[in-house]
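Numbers here are sequence positions counted from 1.
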Amino acid sequence: MADKRLPLLFSGFMFLLAAMLFVYSFLHAPSADTHGSSYGMMFYPRIILSLWGVLAAILFVNTAKAHAVSLKQTDWRSLGSSIAMVALACILLEYAGFLPACIIFCFFYPFALGYKRVAVLLPVSLLYAVALWFLFNKVLLILLPEIPWS
């Protein structure tokens, strides 16, 4: 039963995260020069977030149709805690920066889905957050929120 809900939870989570980050991208004016065009640095991630949101919505609809999951089968506690954790991660991005927010989110999110092996979660969340930071900052050159107290 859990294997039917996991794709729904994941695609719903990905859609909500894309929507929240899309809205967040409009809250702050870009600080970099637009190089003579009307689009700044924030436009590129908005394009990616738009595609991400559309793909997540398609995945959600296709998964729901394929499994015909009813509302009675939905684990509302996991869904509610997942949504709350995404909201908390977005707030933490503003006040703690990307790395702490990502490490905390990656460590605690599996608990909402029922996975509780701390010995696995701690190194995975640390490695995942650092790898994601490296990918965005160094490879894709997309600036992420920095730790404000560093």
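Contact detail for Pro123 and Val118: the closest heavy-atom pair is CD-O, 4.3 Å. For the pair Tyr109 and Met85, the tightest heavy-atom approach, listed with the atom from each and the gap, is N-CE, 3.0 Å. Nearest heavy atoms, Ala101 versus Ala89: CB-O, 4.0 Å. Shortest non-hydrogen contact noted between Ser125 and Phe107 is CB-N, 3.7 Å.
For the pair Phe108/Leu121, no side-chain contact is recorded, criterion being any heavy-atom separation below 4.5 Å from C-beta on. Contact of the Phe98 side chain with the Leu132 side chain is registered, since non-hydrogen atoms from C-beta on lie closer than 4.5 Å.
Heavy atoms from other residues, nucleotides or ligands lying under 6.0 Å from CZ of Phe15 number 12 at most.
A continuous path of hydrophobic side-chain contacts links Val124 to Leu122 [ILVMFWY only; heavy atoms under 4.5 Å]. In the hydrophobic cluster analysis, where Ile, Leu, Val, Met, Phe, Trp and Tyr join through side-chain heavy atoms closer than 4.5 angstrom, Phe105 is grouped apart from Leu127. Using a 4.5 Å cut-off between side-chain heavy atoms of Ile, Leu, Val, Met, Phe, Trp and Tyr, with links allowed through other members, Met14 and Val54 fall into different hydrophobic clusters. A chain of hydrophobic side-chain contacts below 4.5 Å, direct or via other Ile, Leu, Val, Met, Phe, Trp or Tyr residues, connects Val130 to Leu135.
Results of the side-chain contact (heavy atoms from CB on, under 4.5 Å) test with Ile104 over Leu88, Leu99, Leu92 single out Leu92 as the only residue that passes.
Interatomic distance, CZ of Phe60 versus CG of Leu16, reported as 9.0 Å (0.5 Å rounding). Rounding to the nearest 0.5 Å places CG of Leu126 at 9.5 Å from SG of Cys106.
Residues that satisfy the side chain to side chain contact (heavy atoms under 4.5 Å, CB included) test with Phe134, not counting sequence neighbours, are Lys138, Val139.
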